[in-house]
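Structure record follows, encoded as structure tokens.
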Protein chains: 2
Amino acid sequence: MSGDAKAGRPGRTREMILAAAMEMFAESGFHGTSLRDIAGRSGLTHPGVLYHFPTKEALLMAVLERRDEVTGEDYPTEGTTAREVLRSLVGTARLNAGRRGLVELFATLSAEATSADHPAHEFFTQRYESLRDQVAGAFTALAEDGALRPGVEPALAAIQVIAMMDGLQVQWLLDDRIDMGRALAVHLDQQVVTPLEA
Amino acid sequence: MSGDAKAGRPGRTREMILAAAMEMFAESGFHGTSLRDIAGRSGLTHPGVLYHFPTKEALLMAVLERRDEVTGEDYPTEGTTAREVLRSLVGTARLNAGRRGLVELFATLSAEATSADHPAHEFFTQRYESLRDQVAGAFTALAEDGALRPGVEPALAAIQVIAMMDGLQVQWLLDDRIDMGRALAVHLDQQVVTPLEA
DNA sequence: GTCTATACCCAGATAGAC
DNA sequence: GTCTATCTGGGTATAGAC
């Protein structure tokens, strides 16, 4: 049944397409990449790609979910201290400075997806909500330890850091002399009583 | 010479096209909007549009410049105090909460335009540079008056506020319960010794 | 001077052969 | 599971009607 050498393991081709799509979306953006480009790099024709992913947007969503897995490795979600959660935000910003394509993809799509009818709208709405919850949780824990500066509200502080991360990405994409990690670290140190680093 | 009733005042049609284009770029982004869509809403065909604007890119640039005029009214550039410059950032954020289309346009395009070959790339690079200069100037003036909290660096603070403004827009577009004005005001008050408001 | 008609090529998507 | 062929629609450019 599955002994056919040509076909390989099911999902094998799917993986190759995903890898090619992620690279090319990252290099040239979603609109700048054609299905024929992706197909070419995967060694098929564009209807071949559409057999595995019904539409180009479905392929995009698959790439986004995979991106979340990759970046998710930077964000320890459980069993970590509140300070570690905040430090991981700075860490991600620093790592991102070496992953331009991924940053471009995310920045472009999160903006595009603000339209209610965009295929990735729900994806991003949920993503921001869960990110805000997670970061707000960290700030709340710090507040309970009296580790926040006076006037810092956990829920608002979460919105603010996440906003700053996103905005820094756009400025950095336009001018890579912008130091995202430092900007974020300085901001976070203004929220807490004892500096995060060291 | 100019007595032709059909033609109307020169620039009349141009205005209609611009208005339609601004709305549709805001809703669907640059790549998501076709000239035929814009033409349809303006009551002409797409080559009709191309008579007034040689290319789709030229139309985009015209729209961007007009947006700058609208928003520019919120930003007093000269003859104002440093504190007023910062307050105007908060004011713009509050006004923007009533101009969803404009915010969508700007958020979507600034992200798209991070690609080096995007027609609006240069426009946004310049825009951010000049905005940073202006805000950094305000922070520098405050620093000289000893009005900044210890550790606040003017140039970095400018990058940070602008980043936060942009990031807040994306979160607000996805969930309009986000209070952009308040988030920004609280952040700015953390940078200065005496609160900005009142 | 202002627009319509038309034609070009490239992209996403579908139908159906193998 | 993948291809060939084809359809539709987009951006661009030109010819020519009013």
Side-chain angles (χ1 to χ4, degrees), chain A residues 1-21 24-25 27-64 108-109 112 115 117-120, chain B residues 1-21 23-25 27-63 108-109 112-113 115 117-121:
Chain A
M1 247 138 144
S2 57
D4 187 5
K6 179 119 165 279
R9 196 173 84 258
R12 186 79 183 68
T13 309
R14 215 172 172 279
E15 284 306 309
M16 281 176 41
I17 295 171
L18 264 176
M24 304 197 74
F25 283 154
E27 277 168 32
S28 319
F30 177 65
H31 294 291
T33 306
S34 75
L35 286 176
R36 288 166 175 84
D37 291 338
I38 296 165
R41 193 179 286 205
S42 319
L44 339 139
T45 60
H46 81 277
V49 171
L50 288 174
Y51 169 77
H52 295 276
F53 301 92
T55 71
K56 191 187 180 186
E57 291 183 349
L59 176 54
L60 166 65
M61 294 308 297
V63 166
L64 278 178
T108 307
L109 289 179
E112 265 186 16
S115 294
D117 58 349
H118 193 283
Chain B
M1 289 116 151
S2 57
D4 188 6
K6 177 116 167 280
R9 198 174 82 259
R12 183 79 184 69
T13 309
R14 218 174 170 278
E15 285 306 308
M16 282 175 39
I17 295 171
L18 266 176
E23 284 170 33
M24 304 196 73
F25 284 152
E27 279 168 31
S28 318
F30 177 66
H31 293 293
T33 305
S34 76
L35 285 176
R36 288 162 175 88
D37 290 337
I38 296 165
R41 194 180 286 205
S42 320
L44 9 114
T45 60
H46 80 276
V49 171
L50 287 174
Y51 170 76
H52 295 276
F53 301 91
T55 71
K56 190 188 180 188
E57 293 183 5
L59 176 54
L60 168 65
M61 295 310 294
V63 166
T108 306
L109 288 179
E112 265 187 15
S115 295
D117 58 349
H118 193 284
H121 184 80

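Just so it is clear: chains get the letters A, B, ... in the order the sequence lines come, proteins before strands, and each one is counted from 1.
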Give the rounded distance in Å between these two atoms: [atom1] of [X] and [atom2] of [N].
X: B:I38; N: D:dG11; atom1: CD1; atom2: C1'; answer: 11 Å
X: A:M16; N: D:dT2; atom1: CE; atom2: C1'; answer: 13 Å
X: B:F53; N: D:dA13; atom1: CZ; atom2: P; answer: 16 Å
X: A:L60; N: C:dA11; atom1: CG; atom2: C1'; answer: 16 Å
X: A:R14; N: D:dT2; atom1: CZ; atom2: C1'; answer: 16 Å
X: B:L35; N: C:dT4; atom1: CG; atom2: P; answer: 14 Å
X: B:M24; N: D:dG10; atom1: CE; atom2: C1'; answer: 13 Å

task = Taking all heavy atoms of B:H121 and all of B:S115, pick out the closest pair and write down the distance.
result =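 Shortest heavy-atom separation between B:H121 and B:S115 comes out as ND1-O, 3.1 Å.
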message = For B:H46 versus B:R36, what's the shortest heavy-atom pair and its separation?
response = CE1-NH2, 3.3 Å
task = Give a yes or no on whether a donor-acceptor pair under 3.5 Å exists between the nucleobase atoms of D:dG9, that is its base, and the side chain of B:R36.
result = no
ask   = Taking N and O atoms by type only, does the side chain of A:H46 place a donor or acceptor under 3.5 Å from a partner on the base of C:dA13?
value = yes
Sugar-phosphate, base or nothing in reach of [X], heavy atoms under 4.0 Å:
X: A:T33; value: sugar-phosphate
X: B:H52; value: sugar-phosphate
X: A:T45; value: base
X: A:L50; value: base

Which of these nucleotides, [options], is closest to any side-chain atom of [X]?
X: B:T13; options: C:dC3, C:dG12, D:dA5; result: C:dC3
X: B:S34; options: C:dA13, D:dG10, C:dG1; result: D:dG10
X: B:P47; options: D:dG11, C:dA13, C:dT6; result: C:dT6

key: Nearest-nucleotide comparison on DNA chain D, the residue closer to the 5′ end among B:K56 and A:Y51   =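 So the residue in question is A:Y51.
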inquiry  = Checking the side chain of B:T55 only, and the main-chain atoms of B:E57 only, is there a donor and an acceptor separated by less than 3.5 Å?
reply    =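 Yes, because the side chain of B:T55 sits within donor-acceptor range (under 3.5 Å) of the backbone of B:E57.
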query = Got a donor-acceptor contact below 3.5 angstrom from the B:S34 side chain to the B:D37 backbone?
reply = yes
message = For the CD1 atom of A:I38 and the NZ atom of A:K56, what is their distance to the nearest 0.5 Å?
response =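 Reported value, rounded in 0.5 Å steps: 6.5 Å.
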